[in-house]
Amino acid sequence: MSPLSILDLAPIVEGGTAAQALHDSIALARHAEGLGYTRFWVAEHHNMDGIASSATAVLIGQLAQATQTLRIGSGGIMLPNHAPLTIAEQFGTLATLFPDRIDLGLGRAPGTDGPTMRALRRHLSTAAEDRFPQDVLELQAYLGPAKEGQVVRAIPGQGTEVPIWLLGSSLYSAQLAAYLGLPFAFASHFAPDLLMQALDLYRNQYRPSARHPKPYAMVGLNVVVADSDAEAAFLFTSLQQRFLGMQRGQRGLLPRPVDDMESRWNTAEKAGVARMLAESLVGSPVTVRAGLRATQQRTGADEFIVACAVHDQTARRRSYELLAHLGR
């Protein structure tokens, strides 16, 4: 079985607070380390009521401080929101404090809405996305060895060579990751439609690099494991409600699970949620083990990164515990 990692959005749940969400994420990272997970990544999102990981680099520092060996990183930093030098300094500082434990996953999407993009960037233009390849190269240069005559340096950062991953939900980042010889993670946990095309393109067009002679593909999954299929399906309704809200243009805290989803959506909405959550494994250990094996065979994933948006933190930790045992 491929290695297993965790993608956490520090979910703020109904009845909870941002402070509780952040402390829960730190507790989960400690738990994940004890369970043998490979990485623990948090994602940059802004102006979203149910997500507390907006100051991603700050949270990564807290997670790294609370653990000893677990790799901690971003899944991802939305690079168009930032100057490459700023990210190089942030992650160079993290890598200096926590050597050989920090990953830098980069995304091209803004991770938010139009007004928030303007608040983040001040000088908003489509050039920010169009410059993504150049910004990745600039960031690599800041984190690489110093070059003679280099005027601008990241201090700390220069020479840390923080591992860079490209993240995507379309074919664009797959192609760029292949061209640059970088590891690639596909966000199939919310945008599964192009998963297989992206993996094929990435592998077929991959150009070996000094640090990565072979392609390395990570696949995102939603996974909820419980003692029974029925219990897991009940817990999963929190995420289904969140995606239903997204279809309706509604944001909010992660809802409590419900006994019945059928009365909450119409046929088109149900189909839309099912399509977006197609790469989800929900059930007992027996059910999820079979699903993992089938997904491994279908995708050839080198690693799975797993999101588990469950309202009850005890159930969330239990899900990751049961999943870890399946991966052994």
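This structure is a prediction, so every number in the text was calculated from the model and none was measured. These values consider heavy atoms only, across backbone and side chains, with no hydrogens, waters or symmetry-generated copies.
Sparse packing is recorded around CG of Asp259, with 12 or fewer heavy atoms of other residues, nucleotides or ligands lying under 6.0 Å away. Heavy-atom neighbours of His23 NE2 from other residues, nucleotides or ligands within 6.0 Å: at or below the threshold of 12. Enclosure of atom CZ in Phe98 by more than 12 non-hydrogen atoms of other residues, nucleotides or ligands within 6.0 angstrom is indicated. No more than 12 heavy-atom neighbours from other residues, nucleotides or ligands sit within 6.0 angstrom of CD on Gln68. Residue-environment remark: CZ (Arg293) stays at or below the threshold of 12 foreign heavy atoms within 6.0 Å. The environment of CZ in Arg203 is crowded: more than 12 heavy-atom neighbours from other residues, nucleotides or ligands sit within 6.0 Å. Heavy atoms from other residues, nucleotides or ligands lying under 6.0 Å from CG of Asn204 number more than 12.
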### Message
Between Thr96 and Thr93, is the side-chain hydrogen bond (donor to acceptor under 3.5 Å, both in side chains) condition met? List the steps.
### Response
CA-CA 5 Å; Thr96 301; Thr93 299; over 6 Å; no

### Message
Applying side-chain contact (heavy atoms from CB on, under 4.5 Å) to Leu70 and Ile72, what does each step give before you reach the verdict?
### Response
CA-CA 6 Å; Leu70 187 65; Ile72 309 292; 3.9 Å; yes

### Query
Can Leu323 and Leu281 be said to form a side-chain contact (heavy atoms from CB on, under 4.5 Å), step by step?
CA-CA 11 Å; Leu323 178 62; Leu281 302 175; over 6 Å; no

### Message
Checking Ile305 against Arg39 for the side-chain contact (heavy atoms from CB on, under 4.5 Å) test, could you report, in this order, the C-alpha distance in whole Å, the side-chain angles of both residues, the deciding distance, and whether it holds?
### Response
CA-CA 8 Å; Ile305 189 159; Arg39 315 169 201 279; 5.7 Å; no

### Message
What verdict does the side-chain contact (heavy atoms from CB on, under 4.5 Å) test give for Tyr37 and Tyr320, after you've listed the backbone C-alpha separation in whole Å, the side-chain angles of each residue and the deciding distance to 0.1 Å?
### Response
CA-CA 9 Å; Tyr37 280 90; Tyr320 279 121; 3.5 Å; yes

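Gln20 and Gln313 share no side-chain donor-acceptor pair at under 3.5 Å. Side-chain polar atoms of Thr295 and Glu279 form no donor-acceptor pair below 3.5 angstrom. In this model, no donor atom of one side chain and acceptor atom of the other lie less than 3.5 Å apart for Gln175 and Tyr179. A donor atom on one side chain and an acceptor atom on the other are not found under 3.5 Å apart for His311 and Gln241. Side-chain contact annotation: Ser170 with Arg108, donor-acceptor N/O pair under 3.5 Å absent. Looking only at atom types and distance, the side chain of Thr287 has a donor-acceptor partner in the side chain of Ser284 under 3.5 Å away.
A 4.5 Å side-chain heavy-atom check between Phe91 and Thr160 finds every atom pair outside the cut-off. Within the 4.5 Å cutoff, side-chain heavy atoms of Tyr142 are placed close to those of Val152. Annotation: side chain of Pro145 is in contact with side chain of Glu161 (closest heavy-atom distance under 4.5 Å). The shortest side-chain heavy-atom distance between Glu303 and Pro183 does not fall under the 4.5 Å cut-off. Counting only heavy atoms from C-beta outward, the side chains of Gln240 and Arg264 never approach each other to under 4.5 Å. Residues Leu167 and Leu106 form no side-chain contact, since every pair of their non-hydrogen atoms from C-beta on lies 4.5 Å or further apart.
Note on ring orientation: taking the six-membered ring where Trp is involved, the planes of Tyr216 and Trp165 are perpendicular (angle over 60°, cut-offs 30° and 60°).
The hydrophobic cluster containing Leu254, built from Ile/Leu/Val/Met/Phe/Trp/Tyr side-chain heavy atoms closer than 4.5 Å, also comprises Val13.
The pair Arg318-Asp227 counts as a salt bridge, with a side-chain nitrogen and a carboxylate oxygen less than 4.0 angstrom apart. Using a cut-off of 4.0 Å between Lys/Arg side-chain N and Asp/Glu carboxylate O, Arg248 and Glu269 are scored as salt-bridged. Salt-bridge formation is not detected for the pair Arg251/Asp49: no Lys NZ or Arg NE/NH1/NH2 atom is positioned less than 4.0 Å from an Asp or Glu carboxylate oxygen.
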